[in-house]
Amino acid sequence: MKKATIVGGGVIGGGWVARFLLNGWKVSVFDPDPQAERKISEVLANARRSLPSLYDKALPAEGELTFHSDMGEALAGASWVQESVPERLDLKHKIHAQINELAPAEAVIGSSTSGFKPSELNEKGARVIVAHPFNPVYLLPLVELVGDADTCENASDVLRSVGMYPLTVRKEIDAHIADRLLEAVWREGLWLIKDGICTTEELDEAIRMGFGLRWAQMGLFETYRIAGGEAGMKHFMAQFGPALAWEWTKLMDVPEFTDELVDLIAGQSDAQSGHMSIRELERLRDDNLVGMMRALKKSGSGAGGTINAHEAMLPTPEAAELPVTVNRPVPQSWTDYNGHMNEAHYIEASAQATDRFMEMIGCDADYIAAGGSYFTVENHVRFLDELHEGDLLTITTQVLKGEGKKMHLFHRLHGAEGQLAATVETLLLHMDLNARGTSLPSEAVADKLASYAAAHAGLDKPEGAGRHVGQRG
Ligand code: NAD
């Protein structure tokens with residue numbers, strides 16, 4: 001099992017712990033704060049309720065987490081070391097001198113620094129690259145990499161394997177890419193509040209009701225390309241370029257952080273969000289992020305593409321007597337006001353099982369693109385037990401009939417303890433997508449389906465098969 005060592009386990013270090021641990025890595029922590037273990041356990045609780053919900057497959061079993069008061073002991077055997085101590089260059093120099101001496105020679109050493117350049121971190125002989133993540137590290141994929149090209153390349157492979165998106169910065173610069181943009185928005189925001197143009201809440205509405213939604217899926221330039229209409233980017237630049245010379249921006253002029261300004265902003269922020277604790281705000285943020293990222297997963301845009309790429313690397317469970325067609329945690333967004341999985345999502349889960357089974361018999365994306373597919377014509381769901389957020393949901397699929405145009409399936413949905421939580425009986429007909437009518441499947445698909453049907457013919461008829469609403473036993 002691969003091992004990561006996290007030096008400094010605060011907000012960001014705790015997020016790194018969760019990212020590696022939930023992807024099956026062994027993780028050791030070095031942090032002198034006596035509260036570090038408690039704080040990290042709270043970050044982990046948030047990560048466990050959100051990260052697995054991004055995927056339709058199970059993540060690897062969690063690795064082992066250990067805490068150490070001796071840095072050498074923490075670093076032994078690590079292939080990744082991530083420093084996330086406070087943003088002070090003298091402290092980073094001291095810590096990296098120790099890491100350099102004690103870490104395995106082949107380990108990648110990353111610093112979470114938001115602002116320092118690798119040349120500054122390494123001016124006393126360290127061998128660290130910048131690996132700058134975003135909070136919450138366990139959910140947001142972006143990591144900006146800056147420094148030695150070979151090390152950044154190795155680091156990229158590791159980060160992809162834990163579901164992250166490495167972005168290698170072409171030249172070092174203070175604060176890398178994303179924080180330079182954020183700093184510009186932050187400076188302008190401070191002016192708008194200091195000058196009484198808006199409150200913190202109104203400024204946040206200006207972001208989240210409009211361009212914030214666009215940025216999450218297309219960023220800045222792709223969004224502006226659309227804004228240029230059919231004529232595209234050149235037209236957009238001709239139209240809005242001159243505005244840059246107007247008095248729209250005070251960017252380089254920083255408002256002075258007087259007590260008055262700090263009190264104004266802190267007071268407005270309390271009025272805006274003080275009714276919720278930081279942990280409650282974190283959970284709200286995480287639930288929203290999961291919902292948005294799952295939407296992006298459907299189109300493969302932005303962070304959704306990273307989730308899809310990572311999911312393709314996750315192992316599919318071995319075929320049992322009955323094929324396992326779904327093996328995934330129940331996402332928070334599938335649960336409702338009763339605290340359990342909402343009925344609509346039993347159908348969604350069984351549709352995923354059907355899709356997977358169709359792939360297994362060769363009715364995959366290429367086959368569908370060539371004009372053949374199966375359409376569901378009937379479903380019957382039996383709800384037998386509750387499923388809760390985060391429960392591992394496993395679905396097995398039994399073929400009741402598979403001949404001619406018909407495919408008759410029986411999905412069993414099992415909960416975390418293996419209990420039968422629901423069954424979904426599904427009848428599908430093969431379709432010619434061009435003629436929009438029923439048709440026979442290709443010979444290859446028909447053969448594969450028939451082989452499953454023959455293998456399952458010897459099994460008992462499942463309890464509940466053939467039932468309809470109102471029928472007993
Ligand atoms: P933090 O204050 O929450 O955590 C710092 C941790 O380092 C604390 O737990 C502290 O006990 C520990 N620490 C202090 N001295 C130490 C030492 N000698 N050895 C080991 N551990 C020590 O800070 P943070 O927000 O997690 O920031 C850490 C780093 O991550 C900074 O470089 C920061 O720029 C960067 N960063 C922060 C954010 C953010 O949003 N907070 C985002 C990206 C990157």
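Just so you know, ligand 1 is whichever comes first in the structure, and atom 1 is the first atom listed for that ligand.
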Counting only pairs under 3.5 Å, give me each side-chain donor-acceptor contact of residues 301-309, with atom names and distances, residues two or more places apart or in other chains.
from	atom 1	to	atom 2	distance (Å)
Ser301	OG	Ser299	OG	2.9
Asn308	ND2	Lys297	O	3.0
Asn308	ND2	Gly304	O	3.4

Just distance, no hydrogens or angles: give the donor-acceptor pairs under 3.5 Å from side chains in residues 211-229, sequence neighbours left out.
from	atom 1	to	atom 2	distance (Å)
Gln217	NE2	Arg214	O	3.1
Thr223	OG1	Gly219	O	2.5

Run through all N or O atoms in ligand 1 and write down each protein N or O closer than 3.5 Å, as a pair with its distance.
from	atom 1	to	atom 2	distance (Å)
ligand 1	3 (O)	Val11	N	3.0
ligand 1	9 (O)	Gly10	N	3.4
ligand 1	9 (O)	Asp31	OD2	2.6
ligand 1	11 (O)	Asp31	OD1	2.7
ligand 1	11 (O)	Asp31	OD2	3.4
ligand 1	26 (O)	Val11	N	3.3
ligand 1	26 (O)	Ile12	N	2.9
ligand 1	32 (O)	Val85	O	3.3
ligand 1	32 (O)	Glu87	OE1	2.6
ligand 1	32 (O)	Lys92	NZ	2.6
ligand 1	34 (O)	Glu87	OE1	2.9
ligand 1	34 (O)	Ser114	N	3.2
ligand 1	34 (O)	Ser114	OG	2.8
ligand 1	36 (N)	Ser114	OG	3.2

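A search for side chain to side chain contact (heavy atoms under 4.5 Å, CB included) contacts involving Leu203 returns Leu192, Ile193, Cys198, Ile207, not counting sequence neighbours.
Counted by atom type alone, His96 and Glu83 present one or more donor-acceptor pairs between their side chains at under 3.5 Å.
Relative to the ring axis of Trp334, Arg328 places its NZ or CZ within 45° and under 6.0 Å from the centre.
No option in Val424, Val324, Thr325, Thr354 other than Thr325 meets the side-chain contact (heavy atoms from CB on, under 4.5 Å) test with Thr397.
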